[in-house]
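The structure appears right after this line, and notes come after that.
Proteins come first, then strands; the chains are lettered A, B, ... in the order of their sequence lines, and each starts at number 1. Please read these numbers as outputs of a predicted model, since none were measured by experiment. Quick note: numbers below take in every heavy atom, side chains included, and nothing from hydrogens, waters or symmetry partners.
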Amino acid sequence: MDALLIDWYSHNKRDLPWRQPATSAWGVLVSEIMLQQTPVARVAPIWLEWMDRWPVPSKLAAVSQGEVVRAWGKLGYPRRALRLHEAAGVIAKDHNDIVPSDVDTLLALPGIGAYTARAVAVFAYGQRAPVVDTNVRRVVARAVHGAGDAGPASNTRDMADVEKLLPVDVADAATMSIALMELGALICTAKNPRCVDCPLLTDCAWQKAGRPEYAGPLKPVQRFAGTDRQVRGLLLDVLRDTDGPVERARLDAVWADSAQRDRCLDSLLVDGLMEQTPQGLFALPGEHS
DNA sequence: TAGACGTGGCG
DNA sequence: TCGCCAAGTCT
């Protein structure tokens with residue numbers, strides 16, 4: 001399985017900007033944070049801009065939170081930008097401006113969890129570790145377990161599953177990790193998998209079992225329209241599109257339900273995505289004088 | 001551990 | 001059209 005997969009990857013991998021050989025560990029880290037729950041096509045231009053502006057962690061750490069949130073643009077989940085900014089500060093101060101290569105050290109940084117820590121260790125530093133994201137979980141569920149899709153995530157079990165699949169050779173293990181993800185992204189997709197193009201077709205347990213439909217519990221559908229997430233997004237968008245602090249009325253205009261609006265405004269302040277000036281105006285954090 | 005947390009494109 | 005989906009983390 002590993003040889004087939006690695007060979008397939010070498011011929012079919014996408015030419016993504018963060019996969020250039022010259023990409024630094026910092027570049028890999030930034031890409032991984034941006035790619036959390038966010039499509040490649042939307043990340044690519046922003047990542048290029050960030051690498052140009054902030055080629056090392058200390059450069060990012062030196063600018064205000066507001067500038068970072070603004071540069072994050074509409075990638076979504078803007079708290080990621082705040083956490084990355086904070087992580088950059090720790091890396092600059094405590095790690096000599098060098099992204100740690102040790103998984104446990106990476107895990108201690110804000111915004112870096114089990115997936116991202118190992119993704120950095122493996123993709124930036126070539127280590128052998130199980131990198132488990134939604135793509136990998138789906139590929140393993142099908143090819144190994146013969147299920148139509150992955151059930152609820154279980155970090156410990158999922159990583160143990162993948163660990164067993166990794167080649168002993170460190171370099172091969174690293175390539176296998178990225179290949180598993182790429183297969184899940186391009187071939188073994190959630191809907192309408194392109195099995196005819198799959199390098200694992202003849203080995204796949206799901207294929208052998210007659211491609212049974214997924215029978216486990218369904219993930220609860222995440223609504224968006226009308227949720228606090230939508231309102232927070234609208235509120236923050238006002239500040240992103242404005243140069244300086246804005247009056248309360250500008251924010252009030254984006255959502256009719258005042259109770260929900262107030263709740264969301266408060267949560268943005270609590271999260272540090274927004275600040276109130278002494279004059280009572282609203283601004284991105286650290287941007288008002 | 002279930003639920004919160006943005007956004008926009010696609011079938 | 002609109003539900004589903006996209007390289008998760010935190011509480």
Side-chain angles (χ1 to χ4, degrees), chain A residues 9 13-14 16-19 23 27-47 69 72-84 86-87 106-124 130-139 149-159 162 177-186 188-194 214 217-240 254-255 260 263-264 267-268 270-274:
Chain A
Y9 178 72
K13 64 177 175 182
R14 289 168 292 176
L16 305 176
W18 42 89
R19 286 184 182 164
T23 302
V28 172
L29 172 57
V30 172
S31 76
E32 291 300 339
I33 299 289
M34 288 182 171
L35 286 163
Q36 291 169 3
Q37 304 285 283
T38 310
V40 163
R42 218 176 305 163
V43 166
I46 307 291
W47 182 85
V69 170
W72 191 257
K74 307 202 77 168
L75 285 182
Y77 294 139
R79 292 185 300 181
R80 288 183 293 168
L82 245 32
R83 295 188 181 122
L84 181 53
E86 186 186 348
L106 286 161
L107 282 171
L109 297 170
I112 298 187
Y115 163 77
T116 304
R118 289 169 181 77
V120 170
V122 173
F123 304 150
V131 180
V132 183
D133 74 333
T134 184
N135 287 309
V136 173
R137 293 191 338 100
R138 186 175 54 251
V139 170
D149 209 337
S154 164
N155 223 298
T156 309
R157 178 173 48 73
D158 295 339
M159 287 201 295
V162 174
S177 294
I178 188 66
L180 277 170
M181 287 180 60
E182 194 75 338
L183 188 73
L186 300 182
C188 196
T189 51
K191 289 191 307 182
N192 308 317
R194 301 168 49 199
Y214 174 66
L218 273 60
K219 290 170 234 170
V221 283
Q222 283 218 43
R223 298 257 172 247
F224 179 65
T227 63
D228 284 5
R229 274 183 301 143
Q230 181 184 20
V231 178
R232 285 165 55 105
L234 291 172
L235 254 19
L236 200 59
D237 204 34
V238 172
L239 295 189
R240 272 195 303 257
V254 304
W255 198 254
Q260 185 176 24
R263 179 174 70 243
C264 290
S267 73
L268 286 168
V270 168
D271 286 347
L273 283 165
M274 199 179 280

Students often get this wrong, so: under 4.0 angstrom with heavy atoms, is [X] touching a base, only sugar-phosphate, or nothing?
X        : result
A:Arg232 : sugar-phosphate
A:Gly76  : base
A:Ala153 : nothing
A:Leu236 : nothing
A:Thr116 : sugar-phosphate
A:Arg19  : base
A:Pro78  : sugar-phosphate
A:Leu16  : base
A:Trp18  : base
A:Thr134 : sugar-phosphate

Review point. More 5' along DNA chain C: A:Val40 or A:Leu107, using each one's nearest nucleotide?
Key: A:Val40
Exercise for review: Would you kindly compare A:Asp149 and A:Gln36 by the position of their nearest DNA chain C nucleotide and give the one closer to the 5′ end?
Suggested key: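 Upstream on the strand: A:Asp149.
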Review point. So does A:Gln37 get a side-chain nitrogen or oxygen closer than 4.0 Å to the phosphate oxygens (OP1/OP2) of C:dG8?
Key: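 Answer yes for this pair, as a side-chain N or O of A:Gln37 is under 4.0 Å from OP1 or OP2.
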Check your understanding: Any Lys/Arg nitrogen of A:Asp149 or A:Arg138 sitting under 4.0 Å from an Asp/Glu carboxylate oxygen of the other?
Key ->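 Looking at A:Asp149 and A:Arg138, the cut-off is not met.
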Exercise for review: Salt-bridge test for A:Arg19 and A:Glu182: reply yes if a basic N is under 4.0 Å from a carboxylate O, no otherwise.
Suggested key: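 A salt bridge is present here (some side-chain N lies under 4.0 Å from a carboxylate O).
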[X] [atom1] - [N] [atom2] separation (whole Å):
X        : N      : atom1 : atom2 : result
A:Leu186 : C:dA6  : CG    : C1'   : 13 Å
A:Phe224 : C:dG3  : CZ    : C1'   : 14 Å
A:Arg79  : C:dC10 : CZ    : P     : 10 Å
A:Arg118 : C:dA7  : CZ    : C1'   : 15 Å
A:Arg14  : C:dA6  : CZ    : C1'   : 11 Å
A:Tyr77  : C:dT11 : OH    : P     : 16 Å
A:Met159 : C:dT9  : CE    : P     : 11 Å
A:Tyr115 : C:dA7  : OH    : C1'   : 4 Å

Which heavy-atom pair separates [X] from [Y] by the least distance, and what is that distance?
X        : Y        : value
A:Gly151 : A:Tyr214 : CA-OH, 3.4 Å
A:Ala117 : A:Leu106 : O-CD1, 3.3 Å
A:Leu273 : A:Leu236 : O-CD1, 3.6 Å
A:Lys74  : A:Asp237 : NZ-OD2, 3.4 Å
A:Ile46  : A:Trp72  : CG2-O, 4.4 Å
A:Trp47  : A:Pro17  : CZ3-CB, 3.6 Å

Of the nucleotides [options], which has the atom closest to the [X] side chain?
X        : options              : result
A:Pro39  : C:dA6, C:dG8, C:dC5  : C:dA6
A:Ala190 : C:dC10, C:dA7, C:dC5 : C:dC5
A:Arg223 : C:dG3, C:dC5, C:dA7  : C:dG3

Check your understanding: On DNA chain B, nearest-nucleotide positions of A:Asn192 versus A:Asp271: which is more 5'?
Key ->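 That would be A:Asp271.
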**Study point:** B:dA2 to C:dA7 separation - C1' atoms, rounded to the nearest Å
**Key:**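 To the nearest whole Å, 22 Å.
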Point to revise | Rounded distance in Å between the C1' positions of C:dA6 and B:dG6 | key: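 Comparing C1' positions in C:dA6 and B:dG6 gives a spacing of 12 Å.
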Review point. So do A:Arg137 and A:Val162 actually touch side chain to side chain, heavy atoms under 4.5 Å?
Key: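 No, side chains not in contact.
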Study note, to complete from the structure: Min and max contacting nt of DNA chain B in 5' to 3' order, chain A heavy atoms within under 4.0 angstrom, are B:dC5 to B:dG8
